[in-house]
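Here the structure is a predicted model, which means the values were calculated and not measured.
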Amino acid sequence: MIEPRILSGFRDFLPREMMQRQALMDTARRVYQSFGFAPIDTPTLEYLEILSGKGSAETDRQMYHFVDNGGRPVGMRFDLTVPLARYVAQHINEIGTPFKRYHIAPVWRGERQQRGRYREFVQCDFDTIGTRSLLADLEMILVINQLMMALGFQRFQIRINHRKLLNGLLAQKGLEQHSVGVLRAIDKLGKSGAELVLAELIQVGLPEVVAQEILQLGLYRGDSDGVLELAERAVGDHPLGREGVADLRELIGSAKAAGVPSDRLVLDISIARGLDYYTGTIVETQLLDLPSIGSVCSGGRYDNLARLYTKQDLPGVGASLGLDRLLAAMEDLGMVADRSSPTQILLAFFEPQLQWDYLRLASQLRAIGLNVEFYPEPAKLKKQLKYADQRKIPAVVLIGSQEWEQKQAAVKWLDREVQTTVPLSADGSELREYFRREFFAESVPLNLTNV
RNA sequence: GUGGGUGUAGCUCAGUUGGUUAGAGCGCCAGAUUGUGAUUCUGGAUGUCGGGGGUUCGAGUCCCCUCUCCCACCCCA
């Protein structure tokens, strides 16, 4: 016998978890579409050269790749942004710009598993391609804010930074060659102490004065305006740095004007990671109640990603929600729903001779959009109720011989511990109307075209 | 990928210096006068003690290998 098992970093999902995942994906879809992002999909496998084209040595090391049966070097996508770059390079003449798309799909990375970090995980990306307008950057922030709230989060923080800020600062002092090392060092500010970071900055090759200056910026606690003033002084008259400061100032200002609470959008020069294709704005989203899980939604502006695949100038800006990381967090925070069935109404199986009437009623209810399940055998009522209870099915319809003769149905609400009767006619109209009110009253506004 | 830790019924764990048929709580299943869950009462099932190898008269308890999950690094959703 073969032992049933799965690879490290890969997971099975039970109905309860899958229901939760789908709910999150539905929410992401709804929010993205509310801003006008359109859905797309791309293949899981791409030519290796497409995926490793932008790749650093690190992404190449993490990428799953192999030679296919036809001898072609093939890779499994490790994010959705690189395939997007290939996609727009190939189709931009059909789709036109600005192009706003979202993409919800699994990606693969050969990394060691940890909580909220898996080898197969789903990303929910949204991007705007073909415009340099800061309004697209602003929209990214608004979408993230809206999305997190729609998912049920209140206590989160969108941290924003700009690649040109630090790069400009370094360039102004002729130290731009240390950029990568500086970013890596300053990024540790949250975990390691200031002294360690300072030491690393110096070790990377910065003069102590400059290292101190950068550390000051990273450690600044207060409103974003304060950091911006500090930053403005630090970058001096270097055009790159000034651009970064100006962008940030405008973005933060307009986000506030658009209703994002000021303590939710903070300038943090220590967020510097992410794939190295970012060239402008960078954002990360932290859960204030579970910072250890890392960023659950990260993104930024990348102005020359598609350049690998086309001569056309196709700047982009967008972000990616880490569905699985977010779910791991929600589990830790006790935010997961306990439903393990989509069924809204369980129709109990009482009388074998009424079998066809039950089936007809079930489809009458389904016809108005209800999820209705008919218990597959005339088991003891106790067992059928327990079945519903364990799966958190909210309502059970009971029609035995008594009810059938009296032309009424008993409706038992398990969570409310109440039971009522509803008239039962041949077309099931009363029951349909009853459940329509119960299940759709709040979520669906009156549809006047049906009147 | 590197380093450290972990692994006992579905879940959370207990298991004395290696010694007879491995336990608890929760959960699960069944019953408590014939059509009512979640509460209560009664009864019941369940583990090759992660897997493989070794030491020993004898190992859940010691050693080695391997897998898993967790933590740190790396990197990042």
Side-chain angles (χ1 to χ4, degrees), chain A residues 1-11 14 16 24 28 55-63 77-81 103-125 144 180 183-184 187-188 191-192 271-276 278 282-287 292-300 318-329 332 338 346 348-351 354 375 378-404 410-419:
Chain A
M1 195 183 274
I2 300 168
E3 191 195 344
R5 56 187 190 142
I6 54 177
L7 263 14
S8 172
F10 291 75
R11 295 158 298 155
L14 298 179
R16 187 185 308 269
L24 289 203
S56 52
E58 186 57 33
T59 54
D60 284 357
R61 189 174 71 73
Q62 290 191 354
M63 185 163 60
R77 60 171 178 237
F78 63 90
D79 72 5
L80 299 176
T81 306
H103 191 183
I104 299 176
V107 303
W108 295 268
R109 289 182 198 175
E111 259 199 304
R112 182 154 296 189
Q113 162 163 351
Q114 273 182 54
R115 180 124 198 89
R117 306 179 60 160
Y118 311 97
R119 290 186 168 173
E120 178 179 56
F121 59 96
V122 168
Q123 292 196 322
C124 309
D125 276 35
I144 293 174
V180 174
L183 292 182
R184 193 165 299 156
D187 178 65
K188 291 177 184 159
K191 281 186 180 178
S192 318
I271 67 147
R273 293 183 297 176
L275 293 174
D276 44 6
Y278 293 125
I282 315 174
V283 297
E284 283 193 0
T285 311
Q286 295 270 333
L287 299 178
S292 63
I293 202 104
S295 172
V296 294
C297 187
S298 309
S320 177
L321 178 79
L323 183 92
D324 296 275
R325 183 170 281 192
L326 198 65
L327 256 139
D332 284 5
D338 53 359
L346 176 71
F349 194 163
F350 262 104
E351 304 291 342
L354 292 179
Y375 201 85
K380 283 184 177 175
L381 182 58
K382 180 171 183 157
K383 190 170 181 182
Q384 300 189 44
L385 285 168
K386 192 162 190 174
Y387 174 85
D389 183 50
Q390 286 172 328
R391 288 162 184 72
K392 293 289 179 283
I393 295 171
V396 180
V397 171
L398 308 164
I399 302 171
S401 48
Q402 278 179 34
E403 286 83 2
W404 184 253
V411 177
K412 185 178 176 71
W413 294 92
L414 296 192
D415 48 345
R416 294 182 227 162
E417 304 181 35
V418 294
Q419 184 166 333

Asker: Heavy atoms under 4.0 Å, any strand shown: does A:E403 hit a base, just sugar-phosphate, or nothing?
Answerer: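 Touches a base.
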Asker: Can you tell me how far P of B:G35 sits from CH2 of A:W404, to the nearest Å?
Answerer: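 My rounded result for the distance is 20 Å.
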Asker: Mind checking the C1' distance from B:G15 to B:U20? Whole angstroms is fine.
Answerer: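 About 16 Å, rounded to a whole number of Å.
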Asker: Counting heavy atoms from C-beta on, name the nucleotide in B:C74, B:C71, B:G35 closest to the side chain of A:S401.
Answerer: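 Out of B:C74, B:C71, B:G35, the nucleotide with an atom closest to A:S401's side chain is B:G35.
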Asker: Nearest of B:C29, B:G35, B:G37 to any side-chain atom of A:Q390?
Answerer: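 Of the candidates, B:C29 comes closest.
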Asker: Just by distance, do the side chain of A:R117 and the backbone of A:R325 share a donor-acceptor pair under 3.5 Å?
Answerer: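 No: the side chain of A:R117 does not pair with the backbone of A:R325.
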Asker: I need the CZ-C1' distance between A:F349 and B:U36, as an integer number of Å.
Answerer: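 Result: 18 Å.
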Asker: Does A:K188 put a side-chain nitrogen or oxygen below 4.0 Å from OP1 or OP2 of B:C74?
Answerer: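 Affirmative; the distance criterion is met.
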Asker: Compare the minimum distances between each of B:C69, B:A72, B:C74 and the side chain of A:R112, then state the nucleotide with the smallest one.
Answerer: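 The answer is B:A72, which lies nearest to the side chain.
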Asker: Take atom C1' in B:G10 and the same atom in B:G53, then report the distance between them in whole Å.
Answerer: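 Taking atom C1' in both B:G10 and B:G53, they lie 30 Å apart.
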Asker: So A:G299, base contact, sugar-phosphate only, or nothing? Heavy-atom distance under 4.0 Å.
Answerer: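 Result for A:G299 = nothing.
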Asker: Measuring only the P atom in each nucleotide, how far is B:C26 from B:C41? A whole number of Å is fine.
Answerer: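 Straight-line distance between the two P atoms is 10 Å.
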Asker: Expressed as a whole number of Å, how far does the C1' atom of B:C71 sit from that of B:G7?
Answerer: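 Going atom to atom, C1' in each nucleotide, I get 15 Å.
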Asker: Look at all strands and tell whether A:Y387 reaches a base, only sugar-phosphate, or nothing, counting heavy atoms closer than 4.0 Å.
Answerer: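 No contact at all - A:Y387 keeps every heavy atom at 4.0 Å or more from the nucleic acid.
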Asker: The side chain of A:K386 lies closest to which of these nucleotides: B:A38, B:C75, B:G1?
Answerer: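 The nucleotide sitting nearest to the side chain is B:A38.
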Asker: Using atom types as modelled and distance alone, determine if a side-chain donor or acceptor of A:T285 lies under 3.5 Å from a backbone N or O of A:S295.
Answerer: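 Absent.
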Asker: Applying a 4.0 Å non-hydrogen cut-off, can you work out what A:R117 is touching in the nucleic acid: base, sugar-phosphate, or nothing?
Answerer: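 Counting heavy atoms under 4.0 Å across all strands, the contact made by A:R117 includes a base.
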Asker: Does A:R184 put a side-chain nitrogen or oxygen below 4.0 Å from OP1 or OP2 of B:C75?
Answerer: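 Yes, within the criterion.
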Asker: Which nucleotide, if any, forms a Watson-Crick or G-U wobble pair with B:U2, using both distances under 3.5 Å?
Answerer: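 By the stated definition (distances under 3.5 Å), B:A72 pairs with B:U2.
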Asker: For A:R416, I'd like to know if atom CZ has over 12 heavy atoms of other residues, nucleotides or ligands within 6.0 Å.
Answerer: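 Result for CZ/A:R416: enclosed.
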Asker: Where do A:S298 and A:E284 come nearest, in terms of heavy atoms and distance?
Answerer: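 Result for this residue pair: OG-CG, 3.9 Å.
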Asker: Answer with yes or no whether A:E111 presents, from its side chain, a donor or acceptor under 3.5 Å of a partner atom in the base of B:A77.
Answerer: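 Under the 3.5 Å cut-off, the side chain and the base do form a donor-acceptor pair.
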Asker: Side chain of A:D324, backbone of A:V122: donor and acceptor closer than 3.5 Å?
Answerer: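 At least one qualifying donor-acceptor pair exists.
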Asker: If I pick the C1' atom on B:C70 and the same atom on B:G27, what distance separates them, to the nearest angstrom?
Answerer: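 Looking at atom C1' only, B:G27 and B:C70 are 25 Å apart.
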Asker: Could you check how far CD of A:Q114 sits from P of B:G5, rounded to whole Å?
Answerer: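 It works out to 16 Å between those atoms.
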Asker: For the side chain of A:K412, starting at C-beta, report the closest nucleotide among B:G37, B:G1, B:A77.
Answerer: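 Closest nucleotide among those given: B:G37.
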Asker: Look only at the side chain of A:E120 and the backbone of A:P106, and say whether a donor-acceptor pair between them is shorter than 3.5 Å.
Answerer: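 Not a single qualifying donor-acceptor pair exists.
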Asker: Any base atoms under 4.0 Å from A:K392, or only sugar-phosphate, or nothing? Heavy atoms, all strands.
Answerer: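 A:K392: no heavy atom of the nucleic acid under 4.0 Å.
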Asker: Which nucleotide sits closest to the side chain of A:Q402: B:C74, B:G35, B:G37?
Answerer: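 The answer is B:G35.
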Asker: Counting side-chain heavy atoms from C-beta on, which of B:C69, B:U36, B:G37 comes nearest to A:D389?
Answerer: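 Given the options B:C69, B:U36, B:G37, the side chain of A:D389 is closest to B:G37.
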Asker: What contact category does A:L321 fall into here, base, sugar-phosphate, or nothing, at under 4.0 angstrom with non-hydrogen atoms?
Answerer: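 The residue A:L321 makes no contact with any strand.
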Asker: Kindly point out which of B:G31, B:C75, B:A30 is positioned nearest to the side chain of A:K383?
Answerer: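 Looking only at side-chain atoms, A:K383 lies closest to B:A30.
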Asker: Looking only at atom C1', what distance separates B:C13 and B:U6, rounded to whole Å?
Answerer: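 It works out to 14 Å between them.
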Asker: Suppose you measure atom C1' in B:G60 against the same atom in B:U17; what distance do you get, rounded to whole Å?
Answerer: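 Straight-line distance between the two C1' atoms is 16 Å.
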Asker: Side chain of A:S298, heavy atoms from C-beta onward: which of B:C71, B:G37, B:A77 has the nearest atom to it?
Answerer: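 Of the candidates, B:A77 comes closest.
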Asker: Under 4.0 Å, counting only non-hydrogen atoms across every strand here, what does A:G116 touch: a base, just sugar-phosphate, or nothing?
Answerer: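 Counting heavy atoms under 4.0 Å across all strands, the contact made by A:G116 includes a base.
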Asker: When the distance from CG of A:L354 to P of B:G35 is rounded to whole Å, what number comes out?
Answerer: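 Rounded to whole Å, this separation is 15 Å.
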Asker: Distance check, C1' atoms only: B:U8 and B:A14, in whole angstrom units.
Answerer: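 Going atom to atom, C1' in each nucleotide, I get 9 Å.
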Asker: For A:V296 and for A:F350, locate the closest nucleotide of RNA chain B by heavy-atom distance; then report the residue assigned to the nucleotide nearer the 5' terminus.
Answerer: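 Closest to the 5' end, via its nearest nucleotide, is A:F350.
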Asker: Short question: side chain of A:R109, backbone of A:R119 - any donor-acceptor pair under 3.5 Å?
Answerer: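 Flag not set: sc A:R109 to bb A:R119 has no pair under 3.5 Å.
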Asker: Provide, to the nearest angstrom, the distance between the CG atom belonging to A:L381 and the C1' atom belonging to B:G35.
Answerer: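 Atom-to-atom, A:L381 to B:G35, this comes out as 6 Å.
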Asker: Would you mind reading off the distance between A:K380 atom NZ and B:G35 atom C1', rounded to a whole angstrom?
Answerer: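 So the two atoms are 11 Å apart, to the nearest Å.
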Asker: Go nucleotide by nucleotide along RNA chain B from the 5' end; which of A:I293 and A:Q419 gets its closest nucleotide reached first?
Answerer: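 So the residue in question is A:Q419.
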Asker: Between A:R61 (CZ) and B:C75 (P), how many Å, whole number?
Answerer: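 After rounding, the reported distance stands at 9 Å.
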Asker: Please name the pair of heavy atoms, one in A:P378 and one in A:F350, separated by the smallest distance, quoted to 0.1 Å.
Answerer: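 That would be CB-O, 4.2 Å.
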Asker: Any side-chain N or O of A:Q113 under 4.0 Å from OP1/OP2 of B:A77?
Answerer: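 So the side-chain polar atoms of A:Q113 never come under 4.0 Å of the phosphate oxygens OP1 or OP2 of B:A77.
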Asker: Distance check needed: B:C75 C1' versus A:F121 CZ, whole Å only.
Answerer: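 Between C1' of B:C75 and CZ of A:F121: 11 Å.
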